[in-house]
Amino acid sequence: MGFLAWLLSQCRRPRGCVGRFLARGMNREHAPMTDWALSQVSIRDSRCVLDVGCGGGAALMKLANLLPRAELHGIDYSPESLKIAARTNRHLIREGRIFIREANVSQLPYENEHFDLIIAIESHYFWPDLKEDLAELRRVMRHGGKVILVGGVYFGGKSDSRNRKLAAIGSMNCQTLAELRETLCEAEYADVEVHEEWKKGWFCIVGHKPPRGEVDYTPDA
Ligand SMILES: C[S@@+](CC[C@H](N)C(=O)[O-])C[C@H]1O[C@@H](n2cnc3c(N)ncnc32)[C@H](O)[C@@H]1O
């Protein structure tokens, strides 16, 4: 395995001391993208939030500042990521504001309709089956809730050729923004919004679970 493939496998599932180092690094590196994404979407009414693939937990800490009354949960299937997330948020965890646990996105350990906001930053490319996993997120989401996928590896953007290389080497499920929109619609999200920060090469895509009783619909692409 070449160096880049190894590094991407560490991003997919951080392991050992390198994994912990990487999770800390991603806390720093992903902060500007996370701030940008959270400024694109209204989240202020969120009361119960899940960060999927929470990594080193920096986004959970940001959300705790933005949403002082919300209950915040993070899951990750990497114990090394969770160790860093636990350290990053030790005070908030002790105060009972943040809860983290080891879990796979494909089988979430939560009851139906638990969260009103679900966010995943630089994580969805690594999930086993994006459409099915988005359906699992929809299961644990309340009616009227939203999912936000954020990242910098997608096709058709400013860094298209770099991203095609990363996707091939790292076996990442990358798509164009139009394809991602379609995937969210297929997973029965409504009112899908796509935001792109072209200069930075970031995207943020938002899907909604319609309020109870409202007919689902698929918006025009
Ligand atoms: C590139 S890191 C991003 C971490 C964090 N969201 C951030 O922005 O710094 C991807 C994270 O997603 C987690 N992950 C990948 N696939 C997952 C899955 N199927 N279930 C749960 N977590 C997953 C990895 O373990 C890793 O911690």
Side-chain angles (χ1 to χ4, degrees), residues 4-41 43 49-64 66 72-89 98-110 115 117-140 147-154 159 162-163 166-167 169-174 183 187 197 200-205:
L4 191 53
W6 171 80
L7 191 63
L8 290 168
S9 81
Q10 279 284 353
C11 293
R12 173 180 290 276
R13 190 173 201 160
R15 300 176 305 281
C17 58
V18 173
R20 293 196 294 278
F21 179 77
L22 204 66
R24 265 191 230 103
M26 289 191 286
N27 272 353
R28 283 190 303 275
E29 293 299 318
H30 296 169
M33 178 194 295
T34 306
D35 289 339
W36 169 77
L38 293 175
S39 74
Q40 301 301 301
V41 191
I43 61 163
V49 182
L50 175 64
D51 182 2
V52 177
C54 65
L60 286 169
M61 186 182 245
K62 268 185 208 304
L63 287 163
L66 292 170
L72 302 165
H73 296 255
I75 64 117
D76 203 294
Y77 71 171
S78 155
E80 303 301 338
S81 288
L82 291 172
K83 275 181 200 159
I84 302 305
R87 266 181 228 162
T88 305
N89 294 296
I98 289 182
F99 304 85
I100 56 172
R101 62 201 285 187
E102 189 177 330
N104 193 315
V105 63
S106 308
Q107 215 171 2
L108 293 169
Y110 302 104
F115 299 99
L117 173 66
I118 301 181
I119 186 162
I121 301 160
E122 296 272 38
S123 181
H124 70 276
Y125 336 103
F126 302 118
W127 299 351
D129 183 330
L130 183 55
K131 188 175 149 196
E132 288 298 313
D133 296 332
L134 283 166
E136 174 65 352
L137 298 187
R138 196 174 185 280
R139 178 185 72 75
V140 299
V147 63
I148 311 178
L149 303 182
V150 183
V153 187
Y154 61 103
S159 308
R162 179 205 69 173
N163 289 344
L166 291 180
I169 293 175
S171 305
M172 296 162 73
N173 178 6
C174 291
T183 305
E197 167 52 90
K200 302 276 188 192
W202 298 335
F203 74 87
C204 159
I205 186 158

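For reference, positions follow the sequence shown, starting with 1. We count ligands from 1, going down the list as the structure has it; atoms in each ligand are counted the same way.
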Does only the side chain of [X] get under 4.0 Å from ligand 1, or the backbone, or both, or neither? Count heavy atoms.
| X | answer |
| --- | --- |
| Cys54 | backbone |
| Arg12 | backbone |
| Met26 | both |

At a 4.0 Å threshold, what atoms of ligand 1 neighbour a non-hydrogen atom of [X]?
| X | value |
| --- | --- |
| Pro128 | 19 (N) |
| Gly53 | 4 (C), 5 (C), 6 (N), 11 (C), 12 (O), 13 (C), 22 (N) |
| Ala103 | 20 (N), 21 (C) |
| Glu122 | 1 (C), 2 (S), 3 (C), 10 (C) |
| Ser81 | 27 (O) |
| Ile121 | 3 (C), 5 (C), 6 (N), 8 (O) |

Quiz item: Pro14: heavy atom below 4.0 Å from ligand 1, yes or no?
Solution: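 Judged by the 4.0 Å heavy-atom criterion, Pro14 does count as contacting ligand 1.
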Quiz prompt | Any Cys11 heavy atom less than 4.0 Å to ligand 1 | solution = yes
Starting from [atom], locate the nearest protein heavy atom and write down its residue, its atom name and how far away it is, to 0.1 Å.
| atom | result |
| --- | --- |
| atom 12 (O) of ligand 1 | Ser123 OG, 3.1 Å |
| atom 9 (O) of ligand 1 | His30 ND1, 3.0 Å |
| atom 19 (N) of ligand 1 | Asn104 OD1, 3.1 Å |
| atom 20 (N) of ligand 1 | Val105 N, 3.1 Å |
| atom 22 (N) of ligand 1 | Tyr77 N, 3.3 Å |

Self-check item: Test: Arg13 cationic atom under 6.0 Å from Phe126 six-membered ring centre, within 45° of axis
Solution: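 No, Arg13 does not lie over the aromatic ring of Phe126.
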Using modelled atom types only, decide if a donor and an acceptor are shared between the side chain of [X] and the backbone of [Y] within a distance under 3.5 Å.
| X | Y | result |
| --- | --- | --- |
| Arg12 | Gly170 | yes |
| Glu80 | Cys17 | no |
| Arg139 | Tyr110 | yes |
| Asn173 | His124 | no |
| Asp133 | Trp127 | no |
| Asn89 | Gly57 | yes |
| Ser159 | Arg162 | no |
| Asp51 | Gly74 | no |
| Glu136 | Leu108 | yes |

Quiz prompt | Atom pair CG (Leu7) and OG (Ser9), whose distance is rounded to the nearest 0.5 Å | solution = 8.0 Å
Quiz item: Can an N or O of Asn27 be found at a distance shorter than 3.5 Å from an N or O of ligand 1?
Solution: no
Quiz item: Would you say Asp76 has any N or O atom under 3.5 Å from an N or O of ligand 1, going by distance alone?
Solution: yes
